[in-house]
Student: 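Mind looking over this structure? Questions follow.
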Amino acid sequence: MTAAPLPSALDLEAEIRRLKQERNAVILAHYYQDSEIQDLADFIGDSLQLAQAAKKTDAAVIAFCGVHFMAETAKILNPGRVVVLPDLEAGCSLASGCPGDAFVRWRAKYPDAVAISYINCTAEVKAASDLICTSSNAVKIVASVPADKQILFAPDQNLGRYVMKQTGREMILWPGSCIVHETFSERRLIELMTRHPDAEVIAHPECEEPLLRRSAFIGSTSALLKHTAESPKREFIVLTEPGILHQMQKASPDKLFLAGPPVDESCSCNECPFMRLNTLEKLYLALRDLQPRIEMQEDLRVRALAPIERMLALS
Ligand code: 13P
Ligand code: SF4
């Protein structure tokens, strides 16, 4: 059954603000959300900051504007609160490319290794991991493992390779990648750099190595935002999902931000198709109906919580 269309005169922004009060809800949004969602959020952040915000909140309802693994992490940290995700189909290619049972078989081949999983994975994978990391603390988390220990790193091989270079630690990598960050074209980046010789190239570590080699600064979404606000440079080519440009432009209105070019110039394939499933209308419905909710078996939640807590303690 399809839901009745909303009245066209409905002021979605005003209704979302009203429902937020009524429900005692907090809206947490990732930088990759549409700008109108970011503008309504109580807190905008990268994966680590959002997990920290979810842990701290005392709101009864968390409306999570991001993707499933992020809302799931908020639920793992908040079993007693209602966590809604405007579109339950908002997944992630890294999470779906690393099924829990396959991960458990992979890790069983290396019984003495420490398994570190990027937060972009399912609760099942988290539950079978020793430590979780995000793009902003991956180097620190990997460096915290005793030097004589073998390390397994899943599911993003690009972030894994970047961390290996930064720490000098060898790791066994799960062969996963982000469909958004692997679409940047090196050839078209060079063209853009030629047209904007003063622009600094900055990248998220989920990008492939040839793109990272061309980048003057590499970091998580919040690190990229901080860098552009503090740098004396006036122009930037940004190799990550272009949703972040909204906050960059707000923080530095007089600087120029150019979205990194995808291989196919006719597509917007470096917009995350999962993140962009969330809309104002779906956020309104999620707050109105308190659906769709993130639910999880308690034993799975408890097992997935342990490596997240270890990460938060180290962050
Ligand atoms: P951040 O850790 O920068 O939030 O990255 C999350 C993500 O999904 C990048 O694609
Ligand atoms: Fe997943 Fe990539 Fe989308 Fe981030 S941008 S949520 S890693 S698919």
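All ligand and atom numbering here is 1-based and tracks the order in the structure.
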Student: Give a yes/no answer: is there an N/O/S atom of C92 under 2.8 Å from atom 1 (Fe) of ligand 2?
Tutor: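 Yes, within the cut-off.
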Student: Check whether any heavy atom of E206 sits under 4.0 Å from an atom of ligand 2.
Tutor: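 It does; at least one heavy atom falls under 4.0 Å.
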Student: For K250, I'd like to know if atom NZ has over 12 heavy atoms of other residues, nucleotides or ligands within 6.0 Å.
Tutor: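 Yes, the 6.0 Å shell around NZ holds more than 12 heavy atoms from other groups.
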Student: Would you say E298 has more than 12 foreign heavy atoms packed within less than 6.0 Å of its CD?
Tutor: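 Yes, because the 6.0 Å sphere around CD of E298 holds more than 12 heavy atoms from other groups.
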Student: Quick test of your reading of the model: are D156 and R161 salt-bridged, counting only N-O distances below 4.0 Å?
Tutor: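 Salt bridge between D156 and R161, a charged N being under 4.0 Å from a carboxylate O: no.
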Student: Which residue and atom name correspond to the protein heavy atom nearest atom 8 (S) of ligand 2, and how close is it?
Tutor: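 The protein heavy atom lying closest is S93 N, 3.6 Å.
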Student: Considering only the protein, which heavy-atom contact is closest to atom 6 (C) of ligand 1, and what is its distance?
Tutor: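 For this ligand atom, the closest protein heavy atom is S47 OG, 3.3 Å.
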Student: Is there a polar contact between ligand 1 and H204, counting only N or O atoms under 3.5 Å apart?
Tutor: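 N/O-N/O distance below 3.5 Å exists for this pair.
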Student: Starting from atom 4 (O) of ligand 1, locate the nearest protein heavy atom and write down its residue, its atom name and how far away it is, to 0.1 Å.
Tutor: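 I find the closest protein heavy atom is H30 NE2, 2.7 Å.
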Student: With a 4.0 Å cut-off on N to O distance, would you call E186 and R214 a salt bridge?
Tutor: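 Here E186 pairs with R214 in a salt bridge, since their nearest N and O are under 4.0 Å apart.
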Student: Between I119 and ligand 1, which part of the residue brings a heavy atom under 4.0 Å of the ligand: side chain, backbone, both or neither?
Tutor: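 For I119, there is no contact with ligand 1 at all, from either part.
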Student: Would you check whether Y31 reaches within less than 4.0 Å of ligand 1, judged by its heavy atoms?
Tutor: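 No, Y31 has no heavy atom closer than 4.0 Å to ligand 1.
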Student: Does ligand 1 have an atom under 4.0 Å from some heavy atom of E241?
Tutor: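 Contact check E241 vs ligand 1: negative.
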Student: Go through ligand 2 atom by atom and flag the ones less than 4.0 Å from a non-hydrogen atom of N120.
Tutor: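 So the answer, numbered in order with elements, is 7 (S).
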Student: Tell me whether ligand 1 is touched by M275 - counting only heavy atoms on the residue side and a distance under 4.0 Å.
Tutor: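 Per 4.0 Å heavy-atom rule, M275 does not contact ligand 1.
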